Amino acid sequence: MEEERPTYGNLITILSIDGGGIRGIIPATILGFLESQLQELDGENARIADYFDLIAGTSTGGLMTVMLTAPNEKNRPLFAAKDIKDFYLDHGSKIFPQSSGPFALARKILKAIVRPKYNGKYLHDLVKEKLGKTRLHQTLTNVVIPTFDIKQLQPTIFSTYEVKSNPSLDALLSDICIGTSAAPTYLPAHYFETKDSQGNVREFNLIDGGVAANNPALVAISDVTKKVFDRNPYFFPIKPMDYGRFLVLSLGTGSPKMEEKYNASLARKWGLLDWLISGSSTPLMDIYTQASADMVDIHIYVVFQALHSEHNYLRIQDDMLTGDVSSVDISTEENLLNLVAIGEGLLNKPFSTVNLQNGHFEPVRNEGTNGQALIKFAKKLSEERRLRESKSVLTKSSKSNCD
């Protein structure tokens, strides 16, 4: 990170990945495409973490963030982006085991009334096995992973930028992943402790970060901006609201076509239980997570547009999911493959931005497809990295001559 810091380039690069349970297959598919484009430009060893100053993710996006940035035994990313999709295909049905039989839905509803739908044991064991004792400060690029502490009733943001000033945040990556993905009613809350060098203990009582920041793009931008204004030498100085120096890719996990899933005529009759469970869905979770994600996207798009920097913000999202693919936990083989198809199909759909009047994504004329937009984005990332490498070499050479 030190050799390719933003001070050697022109841009601050950010990747953000939404929460969404098993729908994480959608951004995983898109990330695989982006990394393949970077490899075409810079060689087969190129990895997503090599190009972004900060990667942010919530819930399933937090899991992907760690997979992209945790080091393996060779100090390279634990997963190539192309392998993340297969991770979901291989393990999704065990993380979210499906009931079968004529009374499966009834059993699921009854179980959800008294405890989480899933015990989380398979996910917890898998994450601990893959990540071992790796801690937050060891990621290969900076990360931001939102969670929510239900004892403190406030968000807890695990940020590599904050670890030096707040060592209590330097938790095991496995604990952070389990915490940020502990969606209420789906997976159990997660408790763990950290201890700093003075022996001070901090406890965490975490649930899914999606209740606060299902789309973590704004958290990521704010975290970077704070460090810039603190005159952190890792960053070049920028003026307030100079969004032209940010290059942001925000990936959604798809969202239900809400007007078909819920409506006022139905909801006006609901009591507490109905708001918590409606068929195989959890209306309150759907509404909270989707509302926060959309509000963040609208805010960022308006700001980038107002500052004539809209081409530096790329959001890829499908807001028209219906049926099983709109669920966060249906992990049948058919649904998993359908989610892969949606991710691949998004690459061929017209590049779209949010309509500020109705909140829907609508195609932008003469901008091509999402895949073409990602190809352009990959070129910008590659050019930025090469610029940093060349300036880093010159800086080192200059210092050597002075010595």
Side-chain angles (χ1 to χ4, degrees), residues 6 10-20 26-27 30-31 34 48 51-62 64-65 142-146 155 157 159 161 209-229 235 238-255 287-319 346 349-364 367 370 373-374 376-377 380-381 384:
N10 291 326
L11 300 167
I12 298 172
T13 54
I14 296 173
L15 168 63
S16 173
I17 313 169
D18 288 12
I26 295 173
I30 293 169
L31 286 169
L34 175 62
I48 294 288
Y51 295 85
F52 287 98
D53 298 310
L54 173 64
I55 300 179
T58 299
S59 193
T60 195
M64 273 185 273
T65 295
N142 294 294
V143 302
V144 165
I145 301 176
I157 310 297
S159 166
Y161 293 133
V211 302
N214 201 53
N215 175 348
L218 192 57
V219 175
I221 293 173
S222 299
D223 207 42
V224 170
T225 302
K226 182 169 64 175
K227 288 303 172 186
V228 171
F229 293 162
F235 297 102
I238 62 175
K239 298 177 182 178
M241 304 299 285
D242 188 4
Y243 276 36
R245 304 299 292 274
F246 287 96
L247 185 64
V248 181
L249 173 61
S250 176
L251 300 180
T253 57
S255 63
I287 292 166
Y288 280 132
T289 56
Q290 198 53 51
S292 69
D294 287 346
M295 287 300 293
V296 166
D297 180 42
I298 290 170
H299 173 83
I300 295 177
Y301 181 70
V302 168
V303 172
F304 271 79
Q305 187 180 54
L307 298 173
H308 308 290
S309 303
E310 57 266 34
H311 290 294
N312 281 27
Y313 174 61
L314 176 59
R315 169 77 169 169
I316 297 180
Q317 170 73 315
D318 188 333
D319 64 349
L346 262 178
K349 284 188 175 181
F351 171 69
S352 303
T353 58
V354 65
N355 182 315
L356 300 180
Q357 302 301 317
N358 59 32
H360 293 307
F361 276 78
E362 296 180 353
V364 180
E367 287 294 333
N370 287 319
L374 282 169
K376 293 177 184 177
F377 200 93
K380 289 182 180 179
L381 290 173
E384 175 69 13

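Note that the structure is predicted; figures quoted are calculated from it, not measured. When a residue number appears, it is its place in the shown sequence, counting from 1.
Here the closest heavy-atom approach between residue Val224 and residue Leu54 is recorded as CG2-CD2, 3.5 Å. Between Asn312 and Lys380 the shortest heavy-atom distance is OD1-NZ, 4.1 Å. Across all their heavy atoms, Gly57 and Pro146 have their closest contact at O-CD, 3.3 Å. Across every non-hydrogen atom of Ile145 and Gly62, the tightest pair is CD1-O, 4.0 Å. When all heavy atoms of Ile221 and Val248 are compared, the closest pair comes out as CD1-CG2, 4.2 Å. Gly254 and Gln317 make their closest contact through N-OE1, 2.7 Å (heavy atoms, listed as atom of the first residue, atom of the second, distance).
Side-chain contact between Leu381 and Phe52: present, with at least one pair of heavy atoms (C-beta onward) separated by less than 4.5 Å. Counting only heavy atoms from C-beta outward, the side chains of Glu384 and Asn10 approach each other to under 4.5 Å. Taking 4.5 Å as the limit, some side-chain heavy atom of Leu31 sits within range of a side-chain heavy atom of Ile17. At least one side-chain heavy atom of Ile48 sits less than 4.5 Å from a side-chain heavy atom of Leu34. Using a 4.5 Å heavy-atom threshold, the side chains of Pro350 and Glu367 count as separate. By the 4.5 Å heavy-atom criterion applied to side chains, Phe351 and Leu314 are counted as neighbours. The side-chain heavy atoms of Arg315 and Leu249, taken from C-beta on, include no pair separated by under 4.5 Å.
With hydrogens and angles ignored, the 3.5 Å screen pairs a side-chain donor or acceptor of Ser16 with a backbone N or O of Ala217. Asn215 contributes no side-chain N or O that, together with a main-chain N or O of Asp18, makes up a donor-acceptor pair within less than 3.5 Å. Formation of a donor-acceptor pair under 3.5 Å by the Arg245 side chain with backbone atoms of Ile12 is not found in this model. Side chain of Thr13 to backbone of Tyr51: a donor-acceptor contact under 3.5 angstrom is found. Using a distance-only test at 3.5 Å, with no hydrogens or angles considered, a donor-acceptor pair links the side chain of Thr58 to the main chain of Ala213. Remark: the backbone N or O of Gly19 is paired with a side-chain donor or acceptor of Thr253 at under 3.5 angstrom.
A donor-acceptor contact closer than 3.5 angstrom is absent between the side chains of Ser255 and Asp319. Side chains of Ser159 and Asp223: a donor-acceptor N/O pair is present below 3.5 angstrom, by distance only.
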Would you please test Tyr313 and Phe246 for side-chain contact (heavy atoms from CB on, under 4.5 Å) and show each step? CA-CA 8 Å; Tyr313 174 61; Phe246 287 96; over 6 Å; no
Apply side-chain contact (heavy atoms from CB on, under 4.5 Å) to Ile26 and Leu346, showing your working. CA-CA 9 Å; Ile26 295 173; Leu346 262 178; 3.8 Å; yes
Would Val219 and Ile157 count as a side-chain contact (heavy atoms from CB on, under 4.5 Å) here? Give the steps. CA-CA 9 Å; Val219 175; Ile157 310 297; 4.1 Å; yes
Applying side-chain contact (heavy atoms from CB on, under 4.5 Å) to Ile55 and Asn142, what does each step give before you reach the verdict? CA-CA 6 Å; Ile55 300 179; Asn142 294 294; over 6 Å; no
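Atom CG in Leu15 sits 9.5 Å away from atom CE in Met64 (nearest 0.5 Å).
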